[in-house]
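Below, chain A is the first sequence line, B the second, and so on; all start at residue 1.
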2 protein chains.
Amino acid sequence: MTATGSDPMRIVHGECVAEMAKLPDKSVDLIFADPPYNLQLGGGLRRPEGSEVDAVDDEWDRFDSFAAYDEFSRSWLGEARRILKDTGSLWVIGSYHNIFRVGATLQDLGYWILNDIIWRKTNPMPNFKGTRFTNAHETLIWCAKSEQARYRFNYHAMKALNDDLQMRSDWSIPLCTGAEREKLNGRKAHPTQKPEELLYRVLLACSEPGDLVLDPFLGSGTTGAVAKRLGRRFMGIEREETYIGVARSRIERARQVELDALEISRGRRAQPRVPFGALLETGLIRPGTPLWDARRRFEARVRADGSILHGKEAGSIHKIGAQVQNAPSCNGWTFWHMEEAGSLMPLDALRQRYRDQQQTG
Amino acid sequence: MTATGSDPMRIVHGECVAEMAKLPDKSVDLIFADPPYNLQLGGGLRRPEGSEVDAVDDEWDRFDSFAAYDEFSRSWLGEARRILKDTGSLWVIGSYHNIFRVGATLQDLGYWILNDIIWRKTNPMPNFKGTRFTNAHETLIWCAKSEQARYRFNYHAMKALNDDLQMRSDWSIPLCTGAEREKLNGRKAHPTQKPEELLYRVLLACSEPGDLVLDPFLGSGTTGAVAKRLGRRFMGIEREETYIGVARSRIERARQVELDALEISRGRRAQPRVPFGALLETGLIRPGTPLWDARRRFEARVRADGSILHGKEAGSIHKIGAQVQNAPSCNGWTFWHMEEAGSLMPLDALRQRYRDQQQTG
DNA sequence: TGGTTTTATGAATCTTTTA
DNA sequence: CTAAAAGATTCATAAAACC
């Protein structure tokens, strides 16, 4: 049976390069790949309360060096390019550990990058040790087979999916948790299962019903499940037998549905939250500015990092506002005021000014 | 005059590699770089031997220009690494055209990536032809000099700037427009002027007042203007004479905020270490005092040497705290409490009292 | 049954100082 | 140098447990 044979949902147990080598030239419409990230984690990481983080320490994610990882990337990306139709495109997802190397390798092989897409996680794991910024996103690279290639892009479908606004390169999508997360003996079946919402967008943007979609690192089978929902043909390659079983039963359970399935995740039009610090960064308020409450009973001063100082106590506008009133909580935006043209203006007015700026630029 | 000389705001007209070569080893605290990435335009790009890279129009040229760009990256990133202090860090900003190559080169040179940061543009230019997703972000890479290097990161200041939530790796910031945009004869003075909000965050996170900040591709001078506002020393290097003039007048106009407003929030790590025994020596706590955890599940007694006794086990507040919870570690300062006025007060409050005494007394 | 509190957990390159 | 001790550190969400 070939990839273009009678089984529209094919799962293959094997090495991705060897299995791709069996496919004819220019036979695949879309490739989505989630290769190992080369995380190389050290010891166990503990949360502040003492519990241990269940990290990725699998054998398949270990490489001896950057050179070894690059060689691995070249081999699977090279074979992928051969079997990709001229109208097809390739997506790869990764993090800062590997994505820069993958991107450079892509370019070296002649792929033409169309966009880099940011999966902005709405609920990422925090940085428990306070040593870095919360690693709150992953990066996807979308590329065509070459600079000249005429690739498929369903522009209007993407625009419709985004309330008739052109779809941007940053996508806010939650982690895969809850009922969607595949379980095996009550534990997560795969350490890095991707949310279906992410794949839904990719497949809807870059393929048609009946197209052949390939995932060379199948894992828990998200790509296959979404391909089936959207009426695409599919081929998935996976090395680990355990994951083959997980993916097979998952894709079996998936049902082709109407395109309204994503409706729920769209309505994100709330007023964006503004941290007080943003007003300092933009110069709407300056470090050193005195703040008062409406009746000028309390005074505090703004510091460069957005905390405010009252006596010897420093903290957020909310925390210090609550403290001076001896109240359990306080809305600093309405409590604190700054002087403007001789009268007091609540910080909330400044916040509105900031939001206006953000919109108009 | 050296970089550490008398002029705190130094602007140099020249090639960045040649000018960096004049600086001593380990002399710079923070480097922010916005290198050219116009692979197609040739103007910013020269091969190592000096010839100019032609426009890209066939496959051979493309490989040639990628190689030339990588060579260019290696040369300036290598020199930057030499002059960077062991506690310093480097930021580079770019887009999908160049950032993957820069990131791979960074790693090859031994830099250690700490985060990739997404500048999410609130008002990006749309994709007019409807051929791709709106390119709505740029990527910054933040890295330390090596895996082992202990870099500066003002974690608590970043947290304060974000309303007491850990700062994430995606930053929503508008494009630089309006009054902030530098003009020359009524037209924009520089094609890619970065918003000050972006640099404010970078400098506040990774430097201290008085630190030396270097920008090897000065452009319109945003890094210099923010460095001056925040009381950092600065050196900027720029090849184009026109931009030198723009940046010089801009930095001249910038005003430093008051010194005491530059104070930022510090964590407990920044405060002097207090041995528990010191509280006994000063009489803030007495031998024999009973200690409890917050829920009064465990009790221990203070001994004269600063160890505590729980049952038959004696040890430090940390060791015994870990032992009773059956945890791998424990912060005894926050775990143990003593009774005061009928309620429980954490030892941490007592430690603060001790520190206040040391300051005033 | 319903509302509140507690617990579990997610691709993580996750400490610093002293002996 | 290594080993041990001190001690600093978390956000959003869902499920489970508890009133």
Side-chain angles (χ1 to χ4, degrees), chain A residues 34-58 60-63 66 93-99 119 121-139 174-181 183 186-188 190-195 217 219-220, chain B residues 107 111-116 143-144 146-148 150-151 153 155-156 159 162-169 266-277 295 306-307 315-322 327-336 347-348 351:
Chain A
D34 182 8
Y37 287 9
N38 194 24
L39 245 42
Q40 310 267 347
L41 296 176
L45 175 67
R46 288 179 180 279
R47 299 186 175 82
E49 98 278 358
S51 68
E52 185 150 19
V53 174
D54 183 13
V56 177
D57 55 358
D58 305 69
W60 49 256
D61 197 38
R62 281 196 261 279
F63 293 84
F66 284 137
I93 184 167
S95 67
Y96 65 85
H97 310 86
N98 71 322
I99 199 66
W119 169 24
K121 302 177 183 180
T122 58
N123 51 347
M125 178 146 66
N127 180 291
F128 296 116
K129 304 294 186 190
T131 54
R132 305 181 180 194
F133 298 95
T134 309
N135 190 7
H137 72 275
E138 293 188 27
T139 301
L175 292 170
C176 180
T177 58
E180 189 185 321
R181 189 91 195 197
K183 299 287 194 326
R187 304 175 55 168
K188 58 182 177 190
H190 191 278
T192 70
Q193 183 177 342
K194 298 294 174 289
F217 306 97
S220 62
Chain B
Q107 292 180 311
Y111 285 100
W112 192 248
I113 299 181
L114 300 167
N115 279 115
D116 57 336
C143 54
S146 72
E147 182 177 358
Q148 294 77 28
R150 284 195 296 204
Y151 54 92
F153 178 48
Y155 173 77
H156 286 92
K159 194 171 171 176
N162 193 38
D163 279 357
D164 284 335
L165 279 182
Q166 193 172 86
M167 184 81 81
R168 300 169 39 115
S169 58
R266 308 276 176 192
R268 286 198 270 242
R269 264 184 202 124
Q271 293 185 286
R273 219 174 160 108
V274 176
F276 180 62
R295 288 196 268 165
S307 63
S316 71
I317 53 174
H318 313 293
K319 188 179 156 193
I320 300 298
S329 71
C330 167
N331 182 343
W333 290 109
T334 50
F335 180 74
W336 294 109
L347 292 183
D348 206 34
R351 176 168 64 167

| field | Separation of D/dT10 P from B/H156 NE2 (nearest whole Å) | value | 6 Å
| said: I'd like to know if the side chain of A/R181 reaches the main chain of A/H190, judged simply by a donor and an acceptor atom lying under 3.5 Å from each other, with no hydrogens or angles considered. | reply: yes
| Minimum-distance nucleotide to A/L39 side chain [options: C/dC14, D/dT9, C/dA11] | C/dA11
| task | Describe the nucleic acid contact of B/I113 in one word from base, sugar-phosphate, nothing, applying a heavy-atom distance below 4.0 Å. | result | base
| said: Both B/L114 and B/R273 contact DNA chain C. Taking the nearest nucleotide for each, which residue is further toward the 5' end? | reply: B/L114
| query | Around atom NZ of B/K319, are there more than 12 heavy atoms of other residues, nucleotides or ligands at under 6.0 Å? | reply | no
| B/R268 vs D/dA8: side-chain N/O to OP1/OP2 distance below 4.0 Å | yes
| message | What stems show up for DNA chain C when you take Watson-Crick pairs (N1-N3 plus N6-O4 or O6-N4) and G-U wobbles (N1-O2, O6-N3), both under 3.5 Å, and require three or more consecutive pairs? | response | C:2-10 with D:11-19, C:15-19 with D:2-6
| query | Just checking A/H137: base, sugar-phosphate only, or nothing, at a heavy-atom cut-off of under 4.0 Å? | reply | nothing
| query | Does the side chain of B/N331 get closer than 4.0 angstrom to OP1 or OP2 of D/dA8 through an N or O atom? | reply | yes
| message | Whole angstroms only, please: what is the CZ-C1' distance between B/F276 and C/dT18? | response | 20 Å
| request: Among C/dC14, C/dA12, D/dT13, find the nucleotide with the atom closest to the side chain of A/T122. | output: D/dT13
| message | Taking C/dA12 as the reference, what is the distance to D/dA6 when you measure between their P atoms (whole Å, please)? | response | 31 Å
| Is a side-chain N or O of A/D58 found less than 3.5 angstrom from the main chain of A/D61, in a donor-acceptor match? | no
| said: Looking at A/R62 and A/D57, would you say the former's side chain and the latter's main chain have a donor-acceptor pair under 3.5 Å? | reply: yes
| Interatomic distance, A/E52 CD vs C/dA12 C1' [rounded to whole Å] | 12 Å
| task | Quick one: label B/S329 by what it contacts on the DNA or RNA (base, sugar-phosphate, nothing), any heavy atom closer than 4.0 Å. | result | base
| Any idea which heavy atoms bring B/W336 and B/I320 closest together, and the distance? | CZ2-CG2, 3.9 Å
| Looking at A/V53 and A/M125, what are the two nearest heavy atoms and their distance? | CG1-CE, 3.8 Å
| query | D/dG7 C1' sits how many Å from B/W336 CH2, rounded? | reply | 16 Å
| query | Which pair of non-hydrogen atoms, one from B/F153 and one from A/G130, has the smallest distance, and what is that distance? | reply | CD2-O, 4.3 Å
| note | Here the distance between atom C1' of D/dA15 and atom CZ of A/R187, to the nearest Å, is 17 Å
| task | Determine the minimum heavy-atom distance between A/R132 and B/N115, stating which atoms define it. | result | CB-OD1, 3.3 Å
| task | Select base, sugar-phosphate, or nothing to describe what A/T192 touches, counting heavy atoms under 4.0 Å on all strands. | result | base
| query | Is a side-chain N or O of A/N123 found less than 3.5 angstrom from the main chain of A/L175, in a donor-acceptor match? | reply | yes
| said: Rounded to whole Å, how long is the line connecting atom CZ of B/R150 with atom P of C/dC14? | reply: 15 Å
| query | Across the strands shown, which category fits A/N135 at heavy-atom distances under 4.0 angstrom: base, sugar-phosphate, nothing? | reply | sugar-phosphate
| query | How far, in whole Å, is C/dC14 from D/dA12 if one measures between their P atoms? | reply | 23 Å
| query | Which is true for A/D34 with a 4.0 Å heavy-atom rule: it touches a base, it touches only sugar-phosphate, or it touches nothing? | reply | base
| message | Heavy-atom nearest nucleotide on DNA chain C for A/P36 versus B/R295: which residue maps closer to 5'? | response | B/R295
| Considering heavy-atom distances to DNA chain D, does A/R46 or B/L165 have its closest nucleotide positioned more toward the 5' end? | A/R46
| query | Is the shortest side-chain N/O distance from B/Y155 to OP1 or OP2 of D/dT10 below 4.0 Å? | reply | yes
| field | Nearest-Å distance once atom C1' is located in both D/dT10 and C/dT7 | value | 14 Å
| said: For D/dT10 and B/K159 - does any side-chain N or O of the residue sit under 4.0 Å from the phosphate oxygens OP1/OP2? | reply: yes
| task | Work out which heavy atom in B/A322 is nearest to a heavy atom in B/C330; give both atom names and the distance. | result | N-CB, 3.4 Å
| said: Would you measure the distance from the P atom in C/dA11 across to the matching atom in D/dT9 and give it in whole Å? | reply: 25 Å
| Going by atom types only, do A/H97 and A/S95 share a side-chain donor-acceptor pair under 3.5 Å? | yes
| task | Would you indicate what A/P195 reaches in the nucleic acid, counting non-hydrogen atoms under 4.0 angstrom: base, sugar-phosphate, or nothing? | result | nothing
| query | Quick one: is D/dA5 close enough that its OP1 or OP2 comes under 4.0 Å of any side-chain N or O from B/H318? | reply | no
| note | To the nearest angstrom, the CZ-C1' distance between B/F153 and C/dT16 comes to 17 Å
| Reckon B/Q166 touches a base, only the sugar-phosphate, or nothing at all at heavy-atom distances under 4.0 Å? | sugar-phosphate
| query | Rounding to a whole Å, what distance do you find between A/W119:CH2 and C/dA11:C1'? | reply | 9 Å
| task | Using a 4.0 Å heavy-atom cut-off across all strands, classify B/R351 as base, sugar-phosphate, or nothing. | result | sugar-phosphate
| message | Taking the minimum atom-to-atom distance to the side chain of B/R269, which one of C/dA11, C/dC14, C/dT15 wins? | response | C/dT15
| Heavy-atom pair with the smallest gap, counting every atom of B/D116 and B/S169 | O-CB, 3.6 Å
Considering only nitrogen or oxygen atoms on both sides, find all protein atoms under 3.5 Å from nucleotides 8-10 of chain C and state each distance.
from   : atom 1 : to     : atom 2 : distance (Å)
C/dG10 : OP2    : A/K188 : NZ     : 2.7
C/dG10 : O5'    : A/K188 : NZ     : 3.3
C/dG10 : N7     : A/R47  : NH2    : 2.6
C/dG10 : O6     : A/R47  : NE     : 3.2
C/dG10 : N2     : A/N123 : O      : 3.3
C/dG10 : N2     : A/P124 : O      : 3.1

